[in-house]
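To start, the structure itself, in structure tokens.
So that the names make sense, note that chain A is the first sequence line, chain B the second, and so on, each numbered from 1.
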Amino acid sequence: MDIDLEELATMVELLKEAEFTEFRYEKGDMRLVISRGAVTANHETTPVGVPGKPAVAPASPLQSPKASPVVAEPAVHEGAEVVQAPLLGTFYACPKPGEPPFVRVGDRVEARTVLCIVEVMKLMNSVEAGCSGVIAAIHAEDGQLVEFGQSLFSIIPGDA
Amino acid sequence: MDIDLEELATMVELLKEAEFTEFRYEKGDMRLVISRGAVTANHETTPVGVPGKPAVAPASPLQSPKASPVVAEPAVHEGAEVVQAPLLGTFYACPKPGEPPFVRVGDRVEARTVLCIVEVMKLMNSVEAGCSGVIAAIHAEDGQLVEFGQSLFSIIPGDA
Amino acid sequence: MATQRVFVANRGEIALRIIDACDRLGFETVLGVSLPDKESLPARRAVKTVVLGGPRAAESYLNVPAVVHAAVATGCTAVHPGYGFLSERADFARLCAEDGLVFVGPRPEQLEALGDKISARRLAESVGVPVSPGGPTQTAADALALARKIGFPVLVKAAFGGGGRGMKQVHDEAGLVAAWELASSEASASFGDGTVFIERFVQSAKHVEVQILGDAHGHRIHLAERECSLQYRYQKIIEEAPCVALSDEARQRLHGYALRIADALDYVSLGTVEFLVDVDRGDICFLEVNPRVQVEHPVTEAITGVDLVREQLLVAFGEPLRLRQEDVRVDGHAVELRLTAQDPAHGLRPSPGRLTHWRPSPVGGARWDTHMYEGYLFPPYYDALMAKVITHGADRQAALARARAAIAGLEVRGCTTNQALLQELLDTPEIIHDTVTTRWLEDRFAKEMQL
Amino acid sequence: MATQRVFVANRGEIALRIIDACDRLGFETVLGVSLPDKESLPARRAVKTVVLGGPRAAESYLNVPAVVHAAVATGCTAVHPGYGFLSERADFARLCAEDGLVFVGPRPEQLEALGDKISARRLAESVGVPVSPGGPTQTAADALALARKIGFPVLVKAAFGGGGRGMKQVHDEAGLVAAWELASSEASASFGDGTVFIERFVQSAKHVEVQILGDAHGHRIHLAERECSLQYRYQKIIEEAPCVALSDEARQRLHGYALRIADALDYVSLGTVEFLVDVDRGDICFLEVNPRVQVEHPVTEAITGVDLVREQLLVAFGEPLRLRQEDVRVDGHAVELRLTAQDPAHGLRPSPGRLTHWRPSPVGGARWDTHMYEGYLFPPYYDALMAKVITHGADRQAALARARAAIAGLEVRGCTTNQALLQELLDTPEIIHDTVTTRWLEDRFAKEMQL
């Protein structure tokens, strides 16, 4: 991304008007995060390298695709229920291409709420939450292969 | 950064009126998140590419640590200069623990600007930008092992 | 050749064997595994591993949609099914083709032609290859009539679904009817076809099989024969090549029969034509064709010097065979021992567990095909094969001597194995003098039980 | 044993060998490679691979800080140096120890004691093991005096830095002075010590070496001897075990000498004690000790059935040796051929390149230790070893016959190899009748040049 400082200045001007504590703008591999008030350290360490953020890899220990095939286990959310793929297939986050995803992080779900579809050989299998709570994380990427038993969602259990 | 400022201005105007704690707008690869009030914990885990995000792995092709050891090559930034590790060692983003990093994404750097330190057996080797421009991405993680030739930074060349 | 990416749809030692063959050809590999096999050695060796499903083979290694989906999603250009599992499934081979994957094996129609005993026998007969007296029966009455014609004892088995599975031996008419009803109901349950096959039970015959190899350009050769008479309930325990009990005349005839069948099918890929040979009477009759790589293929590799898995991969990708029949020479004798996690003291019952100690001895001239490693948890879900120990010598006695040294040098703890049985067998006169026939070991065990 | 994670600080076939030994023991592996070796087969097989530095060994495989840092940063518990590179570097072993890494080899002080020819000879002499006439010299004058005493021709080499490197043969006083000056200046340049070693040049001797193995609990055994007389400029080409030219008496004596040296050092790990043996006169003299796994270790594995790399790993982690001297039996004879990317038509000059075709033949009884695969770009930066072909037979002729079959069955294209030379050598009377001494091949080449 080539930052046009002038453009940026104008934008900041505009945002003065807006009332917010956090402003995120993403487009392609570009990403803008503006926060007001307490800034969580996390923002520094979340650079632009969005898809396939590579610097993650060296962090993981001896986790080759061998040791644990395809994915390292996701960062644990204390007390979260992890919804795993009931079968191998292609993960779809949305009912149809272009439509909004079934769920987003922060969404409240019930046990019967459909979270995603796992497609194997044109067979669509919808995956339900299995418990009620709030989606804390989504571990799979739309359109990607997920293995049997792979973590898909983390849900912080709890009723409204 | 091709933000349509007019569009953004209008949006901000509208949002002034609207009452909300979080506003999300997604369109194609464009994504906007505006929050009011406390930043909820799960924002850290929201966006694509938060550190440790596992679902990235299946996206990459046959890239085991074997095929390309430790890291997959970072997402290419068109016309970006990639600064590689001149030697194997531990990557330090900050001059001292706790201190702010040498550079952050979006920072303007000169050829002689120190970007990081690579330590091998207690020997500190500072790595310079080698060209002037703006940091587009940081591909390594503080305190982690980087290999010889591993991509550390992407810099969009250009003078102020 | 363009770089290929091969999906390995199998496990254990054969998965390792295929992965190594691919590595050496510069092909990439993706291994599909069951959940418990994530920690297996093949999973380490493959460039990438994908979990197909749960422990049961039906959820993973026999899960056709998962295998094909995984192969396509990981960008594979071919699928190697190994042996067992999906290796003989025409529907699977066809699905691979539809999804643009090269199936490393014969064409679907060839798999179909060989898939059931009836059409396989018909094929053999059509090219003048003798088959055992017998045939398919639709009713117990037919069966009875047929059995009277060919004489008791007879073998009763489902017409569809090969191998020794569900094969029964009956000695009288009462037994036949009971066995027939059972086999028929089983058959209609598993294969949707109640046809039952009746054939003469050969009292004392050797199991001899011929290795064939064909390419997509009409070249077909044989790579001599193997003897696998030492079986227990149709599970082979010791195999060897060549079969020294054969006269040159019988050997010629056997090879000729095998090639005739290969030619009739315009056979492509690796295959094995199995025969029963009554050595005394010189009778040969066709059993079946295994259209895949065989567990015991290394003994043939040892005596011919041909890398069968490599050749199988190359012809699958359309390469013409470089070998001609006249290039195939047999040198010396080779023996393979199947080390299994089975307890000989208890009727060879499976005894899986954690391998606390695995120390094979690298004695000269012994090849170990094995996925074992110290600390490996041998799973209870699949077959009991731990390792194949292949030795080669100038003659049969030399090969057996090496085999004794190799198996004696193994230190293994954590699972009960058949090591002691293998050692005992290698010192048994019947084996040393090669008088063993396919029923010998069962009879022997039966005797022991009575003591 | 707790799960270990072993850093493999080497490349090529020995890296593969070490990784497989670790896999079979349930140890994890991390491989340190140079940039061009990222695509090597060991890099695929290791659980994890780390790029140490650029192509030149000094930047990568000899880069001590990078290796130690990488081993620590990847959580390794041990480092296996293989052969060559850092395997004999006491400073490296010491650094590993300081950083809590088990060095898979002898203790640093043992490496030091064996590191230079002078102290090694002193050690041998101190326990009554004969050494070749000669000694260290500080000036050309000393050298001249010594040479007159022991008689020309003599060998001139730097006292520090082992192997054949920089060794020169001189036949007269003029030649000696020139060679001495050069060697001395080279020595002070590379080792900071101008001491030059002078020793009698043995005209016709066999190179015989004894395999030793010791644990940290005071157990030490030998695993018989190997003969490696077939050399070209101190590079071994064909090795075998045992050495059939030895009388039983000489063999006993040789093994005794080796154990005496091992005992004097309280030697731990795998090692090789090298001797020159004048078969006709029965003279034996000590050459040096190689304190590491040897390229030719498989021939010893073939005749003894002992997995040397596995034992080396186990004793490094403190396990007591399970083997006792009386357990070590020699069975048959084994031969190793070194296939290299060298052009015999041009003085064995290296000929790296892209392997367009790699098709070894899996003939029975042949073991291939190789990191080759089809499409591999053989790099120009390191030694020329492509594969080790190890065969075993009941006797020497049988082993040689297998070796002929194995090397004849190889199809390789893309690099010029010494395959033809190996085949020619295997058909040479001097080799068939085992009359070869260490100078034989050079003399032979010299003659050919003159034709």
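Among residues at least two apart or in separate chains, salt bridge (Lys or Arg N to Asp or Glu O under 4.0 Å) pairs with a member in residues 122-137 of chain A are A:Arg112-A:Glu128.
Within the 4.5 Å cutoff, no side-chain heavy atoms of C:Val51 are placed close to those of A:Leu88.
Distance CG/C:Leu35 to CZ/A:Phe148: 5.5 Å, rounded to 0.5 Å. The NE2 atom of C:His69 sits 2.5 Å away from atom OG1 of A:Thr90, with the distance rounded to the nearest 0.5 Å. Once rounded to the nearest 0.5 Å, the distance linking CE of A:Met121 with CG of C:Leu95 reads 4.0 Å. Note that the CG atom of A:Leu87 and the CD atom of C:Glu59 stand 11.0 Å from one another [nearest 0.5 Å].
C:Asn63 does not touch chain A: none of its heavy atoms, backbone or side chain, sits under 4.5 Å away.
In terms of non-hydrogen atom pairs under 4.5 Å with chain A, the most contact-rich of C:Leu52, C:Val72, C:Leu31 is C:Leu52.
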